[in-house]
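Computed from a prediction, not measured in an experiment: that's the story for all the values here.
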Amino acid sequence: MFDSLPLLSLVIWLPIIGGVVVLFASRGEVGLQRLLALAFSVATFLISILLYSGFDVATPQMQFTEFAAWIPSFNVNYSLGIDGFSMPLILLTTFFTVIVVIAGWEVIKKHVAQYMAAFLIMEGLMNGVFASLDSVLFYVFWEAMLIPMFLVIGIWGGQRRVYAAIKFFLYTFLGSVLLLVSILYLYFETGSFAILDFHAQSIGMTAQTLMFFAFLIAFAVKVPMWPVHTWLPDAHVEAPTGGSIILAAIMLKLGAYGFIRFLLPIVPDAAAEFDWLVITLSLIAIVYIALVALAQEDMKKLIAYSSIAHMGFVTLGLFVVFSIFRQTGDIAGAALGVEGAMVQMISHGFISGALFLCVGVMYDRMHSRRISDYGGVVNTMPVFAGFMVLFALANTGLPGTSGFVGEFMVILSAFQVSFWIAFLAALTLILGAAYTLWMVKRVIFGDVANDNVAKLNDVNSREFWLLAVLALAVILLGVWPAPLVDVMHSSVDHFLHHIVTSKL
Amino acid sequence: MTDFIAPDFQPAVAEIFLLTMACVVLLVDVYLPASKRGITYVLTQLSLLIGAYLTLSLPMTETVITFNGSYINDPMALVLKLFIYLVSFLAFLYARQYLVDRGIYRGEFYVLGLFAVLGMLVMVSAHSYLTIYLGLELLSLSLYAMVAFNRDSSLSAEAAMKYFVLGAIASGMLLYGMSMIYGATGTLDIGEIAAFIAANDSDSVVLKFGVVFLVVGIAFKLGAVPFHMWIPDVYQGAPTAVTLFISSAPKIAAFAMLMRILVDSAQGMHVHWQDMLIILAVLSIIVGNVVAIAQTNIKRMLGYSTIAHVGFLLLGVLAGTAEGYAASMFYAIVYAITTAAGFGLVILLSRAGYDAENISDFKGLNKRSPWFAFMVMIVMMSMAGVPPFVGFWAKLQVLQAVVSIELVWLAILAVLLSVVGAFYYLRIIKFTYFDDADEHVPEIAAPVDVKIALSFNSLLILALGIYPSSLMALCVASIAA
C-alpha cells in the first residue's frame with residue numbers, strides 16, 4: 001500500500017518542511033512547538049520503518065530509487081536510492097532525531113522553535129546524504145548539513161561555543177571542497193554526476209592517487225581520523241546535548257559512509273596502494289587517542305576522544321580488506337572487516353549517543369561536566385547509575401552489548417592480515433576499559449562527594465524512557481545483530497567484488 | 001557619397017526611452033519642492049520598469065546589429081539588461097530611506113543613477129570599441145559624482161577623488177589598447193576585428209600589446225588585483241546607498257565589457273589573454289580573501305570580498321569555452337543579486353544619524369529580528385559558496401569550467417581560498433547569531449517596502465539555490481546564441 005509513495009523523498013523533505021513549520025510556530029506556545037517537532041520526527045521515523053520493512057535484503061541494487069531531472073543544462077539530477085549501507089544509517093538518523101527532540105524537551109529554554117527546527121532540518125539533510133545517488137545532490141546535502149549544526153553549536157553551546165562552531169565549520173568545509181574538485185574531475189571524465197557512473201569509470205593511477213588523497217582528506221576530517229580530529233573534542237564539549245548526540249551518533253558516520261560510497265569504489269587501486277597509510281592512522285587513533293582520553297577531566301571530552309578511537313575501528317575495518325584479499329584471496333574473509341565496520345558504526349551511534357545523553361542528564365542538574373565535581377552519584381541517582389554503567393560497559397566492548405560485535409569482527413579480520421595490527425587494535429579493549437571504567441568509578445561510585453551530588457534527583461520518566469530505549473537497542477544489537485547484518489550482507493558482498501577488481 | 005540610411009532604432013528603444021526619462025527626471029526635479037521628492041523617486045523606478053518592459057518586448061532570440069555595426073542586441077545583452085534593471089531597481093529602493101535620513105535625498109542621485117544605468121545598457125549592447133567606451137564613460141562619470149554625493153563628508157570626497165583619478169587612468173589604458181587594435185586592424189567594429197584576427201596572424205606585436213592594455217583597462221574597472229586599489233576606499237568612503245549601487249549592477253556591465261572585448265572581438269587571441277586572466281584571477285582570489293579577514297569595517301570587507309569574487313568570475317572567462325562564459329555570466333548575475341542584498345542589509349541596520357559601518361553592528365541581530373538574521377545568513381552563506389544557496393552553483397560552474405580545461409590546480413587553489421573566505425562570512429553570522437547586542441542599539445526601523453524587497457532579494461538567493469536550473473539554462477542559451 002505504501003509502494004507508490006516516494007518514501008526516500010519523504011524521509012528527506014518531511015523533516016525539512018517540519019522544521020520550517022516549527023520555525024513559523026516560533027511566535028506561538030512553546031508546548032506547541034515541541035509537540036510539532038515531536039510529531040514530525042516520529043512521523044519520519046515511522047516512514048523509515050516502512051523503508052526498512054520494504055527493503056529487499058537479497059539484492060545489492062539500489063532500492064526505492066527516485067529520479068527527476070534537476071539541472072538539465074549541467075546534467076545534475078535529483079537521483080535517490082539506498083542499499084544495505086545507507087538503510088541502517090537512515091534508520092539511525094531518524095531514530096536519533098526523535099531521541100534528540102525528547103532529550104531537549106524541557107532542557108532547552110531559549111529559542112525552542114529554532115532549536116527543534118535546526119535538528120529537524122539537519123535530519124532531512126543527513127537522510128539526503130545517505131540517499132543521494134547523484135554526487136552534486138550528495139554534496140549539496142553534505143554541505144548544507146553544516147549550517148544547522150554550526151548554528152546549534154554557536155547558539156546553544158557552552159562557554160567557548162563560537163570558537164568551536166567556527167572551527168567545526170571551517171574544518172569540515174575544508175575537507176568538503178576537495179571532495180568538490182574530485183567530483184568535478186570525475187564529471188569531466190565520465191560526463192555524468194551519477195555516483196554509480198563514477199564507480200564504473202576506469203581511472204589512471206596518477207589521477208586515482210590524487211583523488212585518493214582528496215577523498216581521504218574530505219572524509220577523514222569528518223570521521224574524524226587522527227591528526228585532523230582536533231575539531232571534534234571542541235565541538236562536542238561546546239555543543240548542547242542534542243548537538244553532541246547527533247554529531248557522535250550520525251555525523252561522524254558520514255565520513256565512513258563517504259569512504260564506502262566514494263573513496264573505495266572509485267579509486268580502489270590507489271586505496272589498495274595506500275591502505276597502509278589509513279591503517280596506520282587508524283591504529284594511531286585507536287591507541288594514542290585512547291591514551292589521550294585517559295587524561296581527560298571533562299566527561300564530554302572523554303567520550304569525544306573515545307569516539308575518535310572507536311571510529312578508528314571503522315576505518316581499520318574498511319581498509320584492512322585489501323591486505324586480506326592480497327594474502328588470502330578470500331572475499332568472504334574480507335567481508336568480515338567491512339561488516340564489522342558497519343556494525344561498529346551503528347553500535348557506536350547508539351552507545352556514544354547514550355553516553356552523551358547521560359552526561360547531558362547530569363549536566364542539567366549540576367551544570368558541570370568536570371569529573372572531579374562528581375562522585376557517588378549512584379547513591380542519589382541509582383536508576384541513572386545503572387544505565388550509565390551499562391553504556392560504559394558497552395563502550396568498553398563488553399560481550400553481549402553491541403560494542404562487542406563490531407570490534408570483535410574488525411579485530412578478527414585484522415588477525416588475518418597481521419598479528420600486530422590485531423594486537424594493537426585489541427589494545428583498545430584494555431585502554432577503552434581503563435578510561436571508561438575509571439571515569440565511571442570516579443563519577444558514579446564511591447561516597448557522595450559533595451553537597452551538590454547529595455541533592456541530585458534521579459531520572460524523571462522522560463529521561464528514563466529515553467535511556468531505556470537506548471539500553472534496549474544496545475543489548476538487542478549485542479545479542480542479536482542479525483537484523484542489521486542481514487540488511488547489509490549482499491551489499492557488502494557486491495561492494496567487495498567491486499573494489500578488488502582493478503580499475504586501471 | 002552614399003545616401004544617408006536611417007538606422008534601425010527599434011533595438012535601442014529602451015535606451016532611448018531611458019535617456020529621455022533621465023532628462024525628464026532632471027527637469028521635473030528642478031521644479032519640485034524638497035517635500036515632493038518622492039515624485040522623482042517614483043518616476044525613476046517607473047522608468048526602470050518601463051525600460052525593462054521595452055527590453056522584454058524585443059525579440060528574445062535574434063541577434064540584431066544596428067547603427068552601422070556599433071550596436072548589438074543579442075540574447076546575452078537582453079538577459080544582462082534585465083538583471084541590470086532588476087538590481088538597479090532594488091538598489092534605488094534600498095537607498096531611499098538612507099538618503100532621507102542623512103539629508104542627502106536629492107534628485108541628482110536618481111538622475112545620475114539613471115544615466116549610470118543607461119551607460120551600463122550601452123556597454124552591454126556595444127558592438128564597437130567606441131560604443132563600449134561611450135557607455136563606460138557615461139557609467140563611470142555618473143558613479144564618480146555619486147561617490148562624492150554627500151558633500152559634507154570628507155571621506156566621500158577623498159574616495160571620489162581616488163576613484164576618479166584611477167578610473168581615468170583605467171579609461172586611458174583601455175583607450176590606448178583600443179587605439180593599438182585599431183592601428184593593427186583598421187577598424188573599431190567588434191565583428192570586423194574578430195574577422196581580421198581570424199584571418200591574419202594573431203602573433204602581431206601591436207595586437208598583443210593592444211590586448212595587454214585592454215586587459216589592464218578591464219581589470220581596473222572590474223577591480224581585479226593588482227588593479228584593485230580603489231575598491232576598498234571607494235566602497236568605504238561612498239555613502240552606503242551608493243556603494244550598494246556601485247558594487248552590484250555595474251559588475252554585470254563590466255562582465256559584458258569583458259565578453260565583448262575579449263571574447264567577441266579577440267577570441268582569436270585567447271592564448272594570449274588567458275595567461276593574463278589566470279594571473280589576475282589567482283591574485284584576486286588570494287588577496288581578496290586574505291585581506292578581507294583583517295577588516296573590521298563591513299563595507300571595506302565586502303569590498304575585498306568583491307575582489308575575490310571578481311577572481312572567481314574571471315575563472316569562467318579564462319577557460320575560453322562556451323560553458324565557461326555561461327558560468328561567468330551566471331556568476332556575475334548571482335554576484336550582483338547577492339551583493340545588493342548584502343549591502344541592503346547593511347542599510348537596514350543603519351538609521352538616522354547612525355551608519356552601520358562595523359561588522360560588530362550585526363551583533364545580536366537574531367534577538368532583534370530573527371527574520372533578518374536569517375536573511376543575513378542566507379546572503380553570507382551564499383557568498384561563501386555553501387549550498388543550498390545560489391552562490392554555490394556559481395562557484396561550482398566556474399570551477400567546472402577550469403577543471404574542464406585541465407587546470408585542476410587552479411580549481412584546488414580557488415576552493416582552498418574559498419575556505420579562507422568562509423571565515424569572514426562566518427564571522428558576520430557569528431555576530432548575528434551568537435553575540436548579544438550592545439545596550440544602545442535601537443530597533444530596526446526600515447520602511448515596509450525595503451523590508452519586503454530585501455526579503456524578496458534574499459529569498460531569491462535561496463530559491464535560485466534550490467532551483468538554479470532556469471537561470472543556468474538562460475545563461476547557457478544566451479551564450480550559445
Side-chain angles (χ1 to χ4, degrees), chain A residues 16 23 26-27 69-76 110-111 113-114 125 128 136-137 139-147 150-157 161-163 165-189 193 207 210-211 214, chain B residues 323 326-327 366-367 370-371 373-374 377-378 381 384-389 392-393 395-397 399-406 408-409 411-423 425-427 429-435 465-477 480:
Chain A
I16 293 179
L23 266 186
S26 65
R27 297 243 170 109
W70 184 19
I71 309 171
S73 61
F74 211 37
N75 205 2
V76 172
K110 65 168 183 177
H111 304 305
Q114 290 189 10
L125 298 173
V136 173
L137 185 66
Y139 189 83
V140 168
F141 284 128
W142 175 270
E143 286 283 90
M145 181 178 76
L146 296 180
I147 301 172
F150 172 72
L151 295 178
V152 163
I153 298 175
I155 298 178
W156 293 276
R161 61 184 194 277
V162 173
Y163 169 77
I166 291 186
K167 190 171 177 183
F168 160 77
F169 193 96
L170 288 184
Y171 258 72
T172 39
F173 192 52
L174 172 71
S176 337
V177 292
L178 292 171
L179 171 66
L180 184 67
V181 177
S182 301
I183 290 175
L184 287 174
Y185 181 81
L186 285 163
Y187 173 67
F188 174 60
E189 291 286 309
F193 278 118
L210 288 172
M211 266 193 281
Chain B
E323 295 81 39
N366 186 38
K367 298 246 169 54
W371 178 252
F374 181 57
M377 193 199 72
I378 291 179
M381 284 289 176
V386 179
F389 307 111
F392 164 71
W393 299 105
K395 285 211 166 65
L396 182 73
Q397 281 193 306
L399 289 175
Q400 169 61 20
V402 226
V403 172
S404 76
I405 56 162
E406 306 207 18
V408 180
W409 66 270
I412 292 177
L413 184 91
V415 294
L416 288 183
L417 278 154
S418 70
V419 176
V420 176
F423 176 75
Y425 297 122
L426 282 185
R427 212 168 41 163
I429 301 180
K430 175 222 158 200
F431 280 118
T432 307
Y433 274 96
F434 305 166
D435 287 354
I466 291 170
Y467 193 69
S469 182
S470 39
L471 182 56
M472 273 186 195
L474 198 64
C475 291
V476 171

Q: Side chain, backbone, both or neither: which part of F392(B) has an atom under 4.5 Å from a heavy atom of chain A?
A: side chain
Q: Select, from F150(A), Y139(A), W156(A), Y185(A), the one with the greatest count of heavy-atom pairs under 4.5 Å involving chain B.
A: F150(A)
Q: F74(A): what forms a side-chain contact (heavy atoms from CB on, under 4.5 Å) with it, not counting sequence neighbours?
A: I71(A), V76(A), F193(A), L396(B), Q397(B), Q400(B), M472(B)
Q: If we only count heavy atoms from C-beta on, is the L170(A) to L426(B) side-chain gap below 4.5 Å?
A: yes
Q: Can you see which heavy atom on I155(A) is nearest to which on N366(B), and at what distance?
A: CD1-ND2, 4.3 Å
Q: Can you give me the closest heavy-atom contact between S73(A) and A473(B), atom names plus distance?
A: OG-N, 4.0 Å
Q: Could you tell me which non-hydrogen atom of F188(A) sits nearest to which non-hydrogen atom of S404(B), and how far apart they are?
A: CE1-O, 3.3 Å
Q: For each of G154(A), A144(A), S176(A), tally heavy-atom pairs with chain B at distances under 4.5 Å, and name the one with the top tally.
A: G154(A)
Q: Heavy-atom distance under 4.5 Å to chain B: side chain of A69(A), backbone, both or neither?
A: neither
Q: Name the region of F374(B), side chain, backbone, both or neither, that has any atom closer than 4.5 Å to a heavy atom of chain A.
A: neither
Q: Counting heavy-atom pairs under 4.5 Å to chain A, which of I412(B), V419(B), V386(B) comes out on top?
A: V419(B)
Q: Please report whether the ring centroid of Y163(A) lies less than 6.0 Å from that of F434(B).
A: no
Q: Considering all heavy atoms of both residues, which atom of S418(B) and which atom of V177(A) are nearest to each other, and what is their separation?
A: OG-CG1, 4.4 Å
Q: Are L151(A) and I429(B) packed together at the side-chain level, in the sense that at least one heavy-atom pair is separated by less than 4.5 angstrom?
A: yes
Q: If the condition is side-chain contact (heavy atoms from CB on, under 4.5 Å), which residues does L474(B) pass it with, not counting sequence neighbours?
A: V79(B), L471(B)
Q: Identify which part of Q114(A) has an atom lying under 4.5 Å from any heavy atom of chain B, answering side chain, backbone, both or neither.
A: side chain
Q: Is there a side-chain contact between H111(A) and K367(B) in this structure, where contact means two heavy atoms from C-beta onward sitting under 4.5 Å apart?
A: yes
Q: Side chains of L178(A) and L416(B): closer than 4.5 Å at any heavy-atom pair?
A: yes
Q: What option among C475(B), P370(B), P388(B), S470(B) has the most heavy-atom pairs under 4.5 Å with chain A?
A: P388(B)
Q: Non-hydrogen atoms of chain A under 4.5 Å away: do they reach the side chain of A414(B), the backbone, both or neither?
A: neither
Q: Should the pair W393(B) and W70(A) be assigned to parallel (<30°), tilted (30 to 60°) or perpendicular (>60°) ring geometry?
A: perpendicular
Q: In terms of heavy-atom pairs under 4.5 Å with chain A, which of E323(B), M381(B), R427(B) leads?
A: M381(B)
Q: Quick check on L174(A) against chain B: is it the side chain, the backbone, both or neither that has a heavy atom closer than 4.5 Å?
A: both
